[in-house]
Amino acid sequence: MNTPNQNIKPITTKINSNGNIEIGGCDLAELANKYGTPLYIYDEQTIRSITKSYKDAFKNYPMVNMMFAAKAFMTKSICKIMRQEGFGLDLCSGGEIYTAKAAGFDMTKALFNGNNKSYDDILLAIKCDIGTISVDNFFELALLNNVAKSENKSIRILLRITPGIECHTHEYIQTGHLDSKFGFDLTQIDEAIELIKDEYKNLNLIGLHAHIGSQIFETKVYNDEIDVIFKEIKRIKEKHGIILKEVNLGGGLGIKYTEKDNPISIYDFADVITNAIDTYSKQYEIEKPVIFIEPGRSIVGTAGVTIYTAGSSKQVPHGRKYFAVDGGMSDNARPSLYQAEYTVEIANKANDTTQEEVTIAGKHCESGDILAKDIKLPIIEEGDIICFYTTGAYGYSMSSNYNRVLKPAAVLVNNGKSDIIINRQSYEQLCESDVIPERLN
Ligand code: LLP
């Protein structure tokens, strides 16, 4: 069965009688008019359809905890939606923990990841009664135990391991290969376990965690990941007499940005995981564990689009034609950071079949601020509303104030209604943290 991560557009995308693109029953040109641009637009039905697909796909393996990887898109409203859908949260910073808590999220359903958690982050997590902490390294084991001891708490922990699996994705978003900044090397696990047994009495080791990368299209890597983890669980049982009952497989399922991408469906993802659990629990004679998965991109990526207004243009003599929009690398860093490609349309010219080759540039003072290179679009005119699909993940969450450009607003659309979920930043907010020392006055 096809799932929304295999489509470029949100499931409610239509062309309406004005020849405009509509998402969630809202005309994008009208949204541009009402809220201004750049604007992130999230389709609630697409998000909920994906969370439902995840639940349905794993229905034969009830011991799965779905944790939305909040790093993909974190706001208070998304926390509410995730809770309503029965998802937990994978959080990776004090700021994400604070946001979830401020949204009233049940923190026992959250887990805390990260390779350099600070004392303050850990204290906040413990004070919020976070469900589980995935420990990344020796330094953190000691720090966590100290904080837990001073708070008189016992903390459920997973050990993050580097499984030594390479997946074919952009080098910057691979994480499971051996020479990685994340997790314990398998040769360090025994030492970690001895420390937990002998010294770190406030840590309760319940399982292992790995995350092999992001924007993954293959199934085999998940099979291999489970092989490595289950084998390690057997080894730990034999060597230390400790039975680990929980396994966090991380996230990573890919989405379709352009026609070149061919991601697997959520059902195929679930099948490879449940089959591998069967195979390797038998092979290594271990009990089937409770599983955590942490999808981020595949939950919100396809649901989100960004709209811009076209501004200036430039025809390079005998060269490219550039059209600049009112945003750029500050609201979407992915093209300049990972050479990411997107599918683009003109929201107010959806039926226009003329085509010319253009390059869409951002407004930042940097030559690399190109959002889409050499794409075919109907002839753009100043004021047109340009829609970039699949910007829902790692767009807003990696946005910046580069060039003192304001962060855009985000709206949630559903059944013809649009609601602000993030206000557009104001110039006052932009200067809020600036301080002028007395001696400069
Ligand atoms: N779990 C852990 C421990 C992670 O580090 C990540 C992503 C996820 C889960 C969620 O992975 P997802 O399902 O979203 O692939 N900024 C990059 C992506 C970096 C991913 C970092 N970790 C991008 O824009 O492509």
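Sequential numbering from 1 along the given sequence is applied to the chain's residues.
Side-chain atoms of D261 come within 3.5 Å of backbone N or O of T258 as a donor-acceptor pair. Of the possible polar contacts, one joining the T162 side chain to the F182 backbone as a donor-acceptor pair under 3.5 Å is found. For the pair S134 (side chain) and H209 (backbone), a donor-acceptor distance under 3.5 Å is absent. Side-chain N or O atoms of N403 include none that pairs as donor or acceptor with a backbone N or O of V405 at under 3.5 Å. At least one donor-acceptor pair under 3.5 Å links the side chain of N275 to the backbone N or O of D271. R83 places no side-chain N or O within donor-acceptor distance of the main-chain N or O of A103, the cut-off being under 3.5 Å.
With a 4.5 Å cut-off on side-chain heavy atoms, L144 and I157 count as touching. Residues T99 and T75 form no side-chain contact, since every pair of their non-hydrogen atoms from C-beta on lies 4.5 Å or further apart. K349 has its side chain within reach of D384: a pair of non-hydrogen atoms, C-beta onward, lies under 4.5 Å apart. No side-chain heavy atom of T302 sits less than 4.5 Å from a side-chain heavy atom of K256.
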Side chains of residues 7-15: which donor-acceptor pairs under 3.5 Å do they make with residues two or more places apart or in other chains?
unit_1, atom_1, unit_2, atom_2, d
K9, NZ, E345, OE1, 3.3
K9, NZ, E345, OE2, 2.9
T12, OG1, G24, N, 2.7
T12, OG1, D43, OD1, 3.2
T12, OG1, D43, OD2, 3.1
T13, OG1, P10, O, 2.7

Please output the side-chain donor-acceptor pairs of residues 406-421 that fall under 3.5 Å, not counting sequence neighbours, one pair per line with the distance.
unit_1, atom_1, unit_2, atom_2, d
K407, NZ, S399, O, 3.3
N414, OD1, Q45, NE2, 3.3
N414, ND2, E44, OE1, 3.4
S418, OG, Y35, OH, 2.7

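Side chains of Q425 and N401: a donor on one and an acceptor on the other come within 3.5 Å. Side chain to side chain, T37 and T309 meet the donor-acceptor criterion of an N or O pair below 3.5 Å. With 3.5 Å as the limit, one finds a donor-acceptor pair spanning the side chains of N113 and E294.
Listed here is the closest heavy atom pair of F73 and F68: O-CE2, 3.4 Å.
Taking F292 as the reference, nothing meets the ring-ring contact (aromatic ring centres under 6.0 Å, His included) condition, with sequence neighbours excluded. The ring-ring contact (aromatic ring centres under 6.0 Å, His included) search around Y40 returns Y396, not counting sequence neighbours. Taking the side-chain hydrogen bond (donor to acceptor under 3.5 Å, both in side chains) definition, one finds that K71 meets it with D90, sequence neighbours left out. Residues that satisfy the ring-ring contact (aromatic ring centres under 6.0 Å, His included) test with F58, not counting sequence neighbours, are absent from this structure. Qualifying side-chain hydrogen bond (donor to acceptor under 3.5 Å, both in side chains) partners for D136, counting only residues two or more places apart in sequence or in other chains: none. Shown here are the ring-ring contact (aromatic ring centres under 6.0 Å, His included) partners of Y402, two or more places apart in sequence or in another chain: H364.
The salt bridge (charged side-chain N to carboxylate O under 4.0 Å, His left out) analysis of residues 92-105, with sequence neighbours excluded, yields no pairs. Note on residues 361-370: no pairs pass salt bridge (charged side-chain N to carboxylate O under 4.0 Å, His left out), not counting sequence neighbours. Listed by first and then second residue, the ring pair (Phe, Tyr, Trp, His ring centres under 6.0 Å) pairs involving residues 92-115 amount to none (not counting sequence neighbours). The ring pair (Phe, Tyr, Trp, His ring centres under 6.0 Å) pairs that include a residue from residues 257-287 are Y222-F269, Y257-Y342, where partners are two or more places apart or lie in different chains.
The existence of a salt bridge linking E357 and K321 is excluded, since no basic side-chain nitrogen approaches an acidic carboxylate oxygen closer than 4.0 Å. The residues K237 and E285 are annotated as not salt-bridged, no charged nitrogen and carboxylate oxygen being separated by less than 4.0 angstrom.
The residue from N248, V228, I233 that alone fulfils the side chain to side chain contact (heavy atoms under 4.5 Å, CB included) condition with L208 is I233.
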